[in-house]
Amino acid sequence: MERVRGIGGYFMRAADPAALGAWYRECLGLDVEEHGLWQQEPGPTVFAAFESGTDYFGSRAQHTMLNFRVRDLDAMLAQLRAKGADVAGETQDMEGVGRFGWVTDPEGNRVELWQPA
């Protein structure tokens with residue numbers, strides 16, 4: 001059986017695509033090349049389905065959530081707060097998995113940040 005080899009892209013609608021792209025570059029340091037190409041560091045990727053009624057993604061209108069691996073969650077959250085980003089007040093520790101925090105981008109999408117254990 002043929003299998004997929006990884007995530008090839010993540011695409012989202014935006015009222016102002018240029019401004020949203022700039023936010024991801026300036027606030028999260030997403031270093032993308034022309035046409036959105038991003039060479040990410042190797043590491044684990046989680047693919048999981050959630051119950052349709054979950055509040056984990058923030059708004060019920062949001063059907064998917066982007067998760068970024070980070071080296072230092074506290075430093076990333078402090079950086080985002082300093083830039084005026086909408087950062088959730090709480091973080092979550094999951095034994096053996098890591099620590100999680102969340103930020104909402106300017107288009108209202110909740111993004112998860114994960115510092116693996």
Side-chain angles (χ1 to χ4, degrees):
M1 178 174 96
E2 188 63 28
R3 298 181 184 275
V4 297
R5 299 178 61 203
I7 303 293
Y10 185 83
F11 309 97
M12 60 182 80
R13 299 175 195 267
D16 188 342
L20 188 60
W23 184 88
Y24 277 87
R25 281 189 308 280
E26 294 166 10
C27 290
L28 294 176
L30 196 65
D31 189 19
V32 296
E33 298 172 2
E34 187 178 4
H35 306 296
L37 185 60
W38 172 43
Q39 297 294 331
Q40 60 181 306
E41 295 177 12
T45 299
V46 175
F47 183 87
F50 285 70
E51 291 290 332
S52 62
T54 187
D55 292 326
Y56 195 73
F57 298 176
S59 166
R60 293 259 174 116
Q62 184 173 333
H63 294 278
T64 63
M65 183 169 60
L66 182 57
N67 170 297
F68 287 116
R69 290 185 314 270
V70 299
R71 183 184 58 79
D72 183 333
L73 181 62
D74 293 327
M76 177 60 80
L77 295 175
Q79 172 181 298
L80 288 163
R81 286 185 183 103
K83 293 183 179 286
D86 181 9
V87 177
E90 76 282 352
T91 59
Q92 179 183 17
D93 294 308
M94 198 176 220
E95 187 174 334
V97 178
R99 297 183 61 231
F100 299 89
W102 300 270
V103 62
T104 302
D105 76 18
E107 294 274 339
N109 302 298
R110 183 172 162 117
V111 176
E112 186 169 66
L113 304 169
W114 172 33
Q115 179 182 321

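No hydrogens, no waters, no symmetry mates; every other heavy atom, side chains included, goes into these values.
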Parallel, tilted or perpendicular: rings of Phe100 and Trp114 (30°, 60°):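 Parallel: the ring planes of Trp114 and Phe100 meet at under 30°.
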Could you give the distance from [atom1] ([X]) to [atom2] ([Y]), rounded to the nearest 0.5 Å?
X: Glu112; Y: Tyr56; atom1: CD; atom2: OH; value: 3.5 Å
X: Gln62; Y: Asp55; atom1: CD; atom2: CG; value: 12.0 Å
X: Met65; Y: Ser59; atom1: CE; atom2: OG; value: 12.5 Å
X: Asp86; Y: Arg81; atom1: CG; atom2: CZ; value: 10.5 Å
X: Glu107; Y: Arg13; atom1: CD; atom2: CZ; value: 12.0 Å

Qualifying residue for side-chain contact (heavy atoms from CB on, under 4.5 Å) with Arg99, from Asp72, Thr91, Val70: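 By the side-chain contact (heavy atoms from CB on, under 4.5 Å) criterion, Arg99 pairs with just one of Asp72, Thr91, Val70: Thr91.
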Would you say [Y] ends up clustered with [X] if hydrophobic residues are merged whenever their side chains have heavy atoms under 4.5 Å apart, either directly or through other cluster members?
X: Tyr10; Y: Leu37; value: no
X: Met12; Y: Phe50; value: no
X: Val46; Y: Val111; value: no
X: Phe57; Y: Trp102; value: yes

Trace of the salt bridge (charged side-chain N to carboxylate O under 4.0 Å, His left out) decision for Arg110 with Asp105: CA-CA 6 Å; Arg110 183 172 162 117; Asp105 76 18; over 6 Å; no
Steps toward side-chain contact (heavy atoms from CB on, under 4.5 Å) verdict (Val32, Tyr24): CA-CA 9 Å; Val32 296; Tyr24 277 87; over 6 Å; no
Atom of Leu20, atom of Ala14 and distance for their closest heavy-atom approach: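 For Leu20 and Ala14, the tightest heavy-atom pair comes out as CD2-CB, 3.6 Å.
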Within 6.0 Å of CD in Glu90, more than 12 heavy atoms from elsewhere: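 More than 12 within 6.0 Å, yes.
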Heavy-atom neighbours of Arg60 CZ exceed 12 at 6.0 Å: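 Yes - once you tally the heavy atoms of other residues, nucleotides and ligands closer than 6.0 Å, there are more than 12.
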Expected output: side-chain Gln79 to main-chain Leu28 donor-acceptor under 3.5 Å: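 It does not hold such a pair.
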Donor-acceptor pair, side chain of Arg69 and main chain of Pro44, under 3.5 angstrom: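 Present.
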Note, Phe47 side chain near Val4 side chain (heavy atom, < 4.5 Å):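 In short, these two side chains do not touch, never coming nearer than 4.5 Å.
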Pairs satisfying ring pair (Phe, Tyr, Trp, His ring centres under 6.0 Å), at least one member in residues 59-89, at least two apart: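 Every pair satisfying ring pair (Phe, Tyr, Trp, His ring centres under 6.0 Å) with a residue in residues 59-89: Trp38-Phe68.
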Step-by-step side-chain contact (heavy atoms from CB on, under 4.5 Å) determination, Leu66 to Asn109: CA-CA 9 Å; Leu66 182 57; Asn109 302 298; over 6 Å; no
